[in-house]
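Inspection log for the structure reproduced underneath, given as structure tokens.
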Amino acid sequence: MNKWISRLSPSSTQLNETINRTLDKQVKLAVTGLSRSGKTVFITSLVHQLLHGLEGTHLPFFQMVSSGRLRGTKAMPQPDMHIPSFRYDTAIEQLCGDPPTWPKPTNGISEIRLAIRYLSNNPVLKRVSPVNTLYVDIVDYPGEWLLDLPLLELSYDEWSQQIAHACESEPRLSLSQEWRTFLDTLDLASEINEATLREAAALYTAFLHRCKAPEYGLSLLQPGRFTMPGDDLKGAPILEFCPLLKIPQDINNENSLYFELKKRYEFYKEHLVKKFYTEHLSSFDRQIVLADVLKAFNTSYASFVDMRDAINMVLKSFHYGKSGLINKLFGLKIDKMLFAATKADHVTPNQLPNLERFIQQMLATSHNNATFEGVQTETLALAAVKCTQAAHTTFQEQRISCIKGVPVDSDKPVALFPGEIPLEVPLPEDWVEGRFHFMEFKPPRLANVHGSGLPHIRLDRALEFLVGDKF
Ligand SMILES: Nc1nc2c(ncn2[C@@H]2O[C@H](COP(=O)(O)OP(=O)(O)OP(=O)(O)O)[C@@H](O)[C@H]2O)c(=O)[nH]1
Ligand SMILES: [Mg+2]
């Protein structure tokens with residue numbers, strides 16, 4: 001008997017998970033975005049809001065809560081033992097500390113499970129089972145990893161040609177100088193040499209990091225794992241290759257450097273890119289993509305264009321439906337997708353509609369494609385933790401809206417008007433320095449931090465869109 005039980009246990013757990021999903025008792029919500037886009041803060045605030053759902057009125061647009069049907073939320077052991085846990089406790093301790101601080105940067109994937117108990121709204125279910133539980137599994141993973149999807153459709157030579165083309169214009173042209181000079185010294189027909197491969201990869205990775213640095217703020221950096229390897233891959237040979245700027249035509253020796261570069265590229269695709277999709281992406285039900293659009297505004301036109309292209313590329317991964325590559329390969333089942341511009345507390349409240357219109361335009365094609373495939377999509381400007389207050393000032397006898405908050409590098413609050421969000425992308429020549437000045441702020445010091453959800457902007461709307469229909 002015992003033998004049977006122990007044999008049955010793993011599959012019965014799986015069976016329970018399947019039943020939970022079928023009866024709409026479980027939903028897997030994936031949160032992604034490029035680094036520093038606000039993933040950790042978003043998840044931490046979202047969990048905090050739900051844990052404090054019974055108190056206060058901080059989620060007016062999240063119907064299940066605002067209509068009084070919530071019966072409480074609890075963090076539970078996560079279902080996927082092989083995924084690191086999302087460190088909610090550490091992050092909330094920092095955000096609610098005195099003084100409050102931002103959580104530390106994270107890398108790689110992590111997960112947290114919440115059990116949300118609620119009163120059913122369904123007239124039939126209400127009688128059978130008035131109180132229900134929805135398990136929400138929230139998964140945080142780097143958006144950089146999604147930039148690798150297009151590689152699955154490209155040969156090594158084709159990918160190299162794309163990178164070479166991108167490196168023909170600034171700022172990549174100057175930033176890639178050292179790596180390019182090294183490539184010129186290589187004899188690609190020579191025998192494999194580990195040290196040479198390591199050096200080429202190191203110089204290429206350094207180039208990517210330079211592109212990513214705040215002063216250039218470029219986002220479309222491939223392969224994604226070179227700048228965001230995850231915990232266990234730093235220094236692994238699978239990351240020791242790079243593209244070429246000129247493709248050699250007459251090398252047929254399988255032991256040559258050129259063949260080895262090709263081999264490693266294919267290995268990277270097979271063992272990292274495909275593995276991530278099969279292990280994780282295929283299990284997601286709902287997806288939110290976060291982007292710090294305002295940071296790109298601050299930096300330059302090139303940074304903005306790069307971010308726009310990177311996000312559209314990320315969204316292409318979710319080009320679901322029957323015709324999408326990813327669906328053909330991995331059977332993706334995401335049916336709702338939210339794209340959110342984060343840190344909306346960096347703009348004055350009257351600029352929020354502009355910010356939302358702007359991102360709608362920025363992603364119009366992706367939005368159209370996803371909707372065409374039957375995926376419900378939405379765009380939103382939100383702040384997971386609102387660090388500023390709306391204020392007014394008078395300038396030349398005119399009343400001007402501004403925001404007030406404590407800048408990250410100061411202890412004194414400032415009031416400022418950070419700039420207007422244009423409704424359309426400005427021309428490159430109109431992107432003059434100093435036009436946008438969206439400042440970073442410290443998290444707010446709150447007296448009643450454990451008594452109510454953290455202050456936010458439109459996080460309740462995000463919740464309503466992402467999981468509202470599950471209650
Ligand atoms: N004002 C404001 N700043 C925010 C908000 N969310 C994030 N930030 C800022 O953005 C920074 C990055 O936020 P994280 O949540 O750590 O971003 P992440 O995407 O998890 O970053 P990585 O783990 O490095 O990939 C924070 O340290 C804050 O400075 C917000 O809602 N409002
Ligand atoms: Mg993080």
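When a ligand or atom number is given, it counts from 1 through the structure's own listing order.
Residue contact check for ligand 1: Gly33 places no non-hydrogen atom closer than 4.0 Å to it. Residue Val385 places a heavy atom less than 4.0 Å from ligand 1.
Thr342 and Asp292 share no donor-acceptor pair across their side chains, judged by distance under 3.5 Å alone. Between Thr394 and Gln398, the side chains place no donor N or O within less than 3.5 Å of an acceptor N or O (distance only, hydrogens not considered). Checked by atom type, the side-chain pair Ser35/Glu144 shows a donor-acceptor distance below 3.5 Å. With 3.5 Å as the limit, one finds a donor-acceptor pair spanning the side chains of Ser85 and Gln78. Using modelled atom types, one finds no donor on one side chain facing an acceptor on the other under 3.5 Å when comparing Ser37 with Lys295. Looking only at atom types and distance, the side chain of Arg117 has a donor-acceptor partner in the side chain of Thr133 under 3.5 Å away. In summary, the side chains of Asp430 and Tyr301 do not present any donor paired with an acceptor at a separation below 3.5 Å, with no hydrogens or angles considered. Side-chain polar atoms of Gln94 and Thr90 form no donor-acceptor pair below 3.5 angstrom.
Proximity of Trp102 to ligand 1, defined as any heavy-atom pair under 4.0 Å, is confined to the side chain (atoms from C-beta onward). At a heavy-atom distance under 4.0 Å, only side-chain atoms of Cys387, from C-beta outward, approach ligand 1. Heavy atoms of Asp345 found under 4.0 angstrom from ligand 1 belong exclusively to the side chain. Within the 4.0 Å heavy-atom criterion, the part of Glu440 lying near ligand 1 is the side chain and not the backbone.
By the ring pair (Phe, Tyr, Trp, His ring centres under 6.0 Å) test, Trp102 is found to be paired with no residue, residues two or more places apart in sequence or in another chain being considered.
The atoms of ligand 1 that sit less than 4.0 Å from any heavy atom of Ala384 are 31 (O). Counting the atoms of ligand 1 from 1 in the order shown, those under 4.0 Å from a heavy atom of Pro105 are 23 (O), 24 (O). When each atom of ligand 1 is checked for a heavy atom of His346 under 4.0 Å away, the hits are 1 (N), 2 (C), 3 (N). For ligand 1, the atoms sitting less than 4.0 Å from at least one non-hydrogen atom of Ser35 are 25 (O), numbered in the order shown with element in parentheses. Near Ala383, meaning under 4.0 Å from any of its heavy atoms, are these atoms of ligand 1: 31 (O).
Between Phe62 and Phe465, the ring center distance fails the sub-6.0 Å criterion.
Atom 10 (O) of ligand 1 has its nearest heavy-atom neighbour, among Arg36, His456, Lys343, Met439, in Lys343.
Closest to atom 15 (O) of ligand 1, if we only count protein heavy atoms, is Val41 N, 2.8 Å. Atom 18 (P) of ligand 1 has its closest protein heavy atom at Lys39 N, 3.4 Å. Atom 13 (O) of ligand 1 has Gly38 CA, 3.6 Å as its closest protein atom, hydrogens excluded (heavy atom only).
Considering only heavy atoms from C-beta on, Phe471 stays 4.5 Å or farther from Ser67 through its side chain.
Taking the ring axis of Phe61 as reference, the NZ or CZ atom of Arg461 stays within 45° of it and closer than 6.0 Å to the ring centre.
At least one N or O atom of Thr106 sits closer than 3.5 Å to an N or O atom of ligand 1.
Around the Mg ion (ligand 2), the protein contributes the following N, O or S atoms under 2.8 Å, ordered by chain and number: Thr40 OG1, Thr106 OG1.
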Inset, instruction - Under the side-chain hydrogen bond (donor to acceptor under 3.5 Å, both in side chains) rule, what do Gln26 and Asp137 come out as? Steps first, then yes or no, please. - result: CA-CA 8 Å; Gln26 185 183 347; Asp137 300 324; 3.2 Å; yes

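Tyr141 pairs in a ring-ring contact (aromatic ring centres under 6.0 Å, His included) with only one of the listed residues (Phe86, Phe276, Tyr277), which is Phe276.
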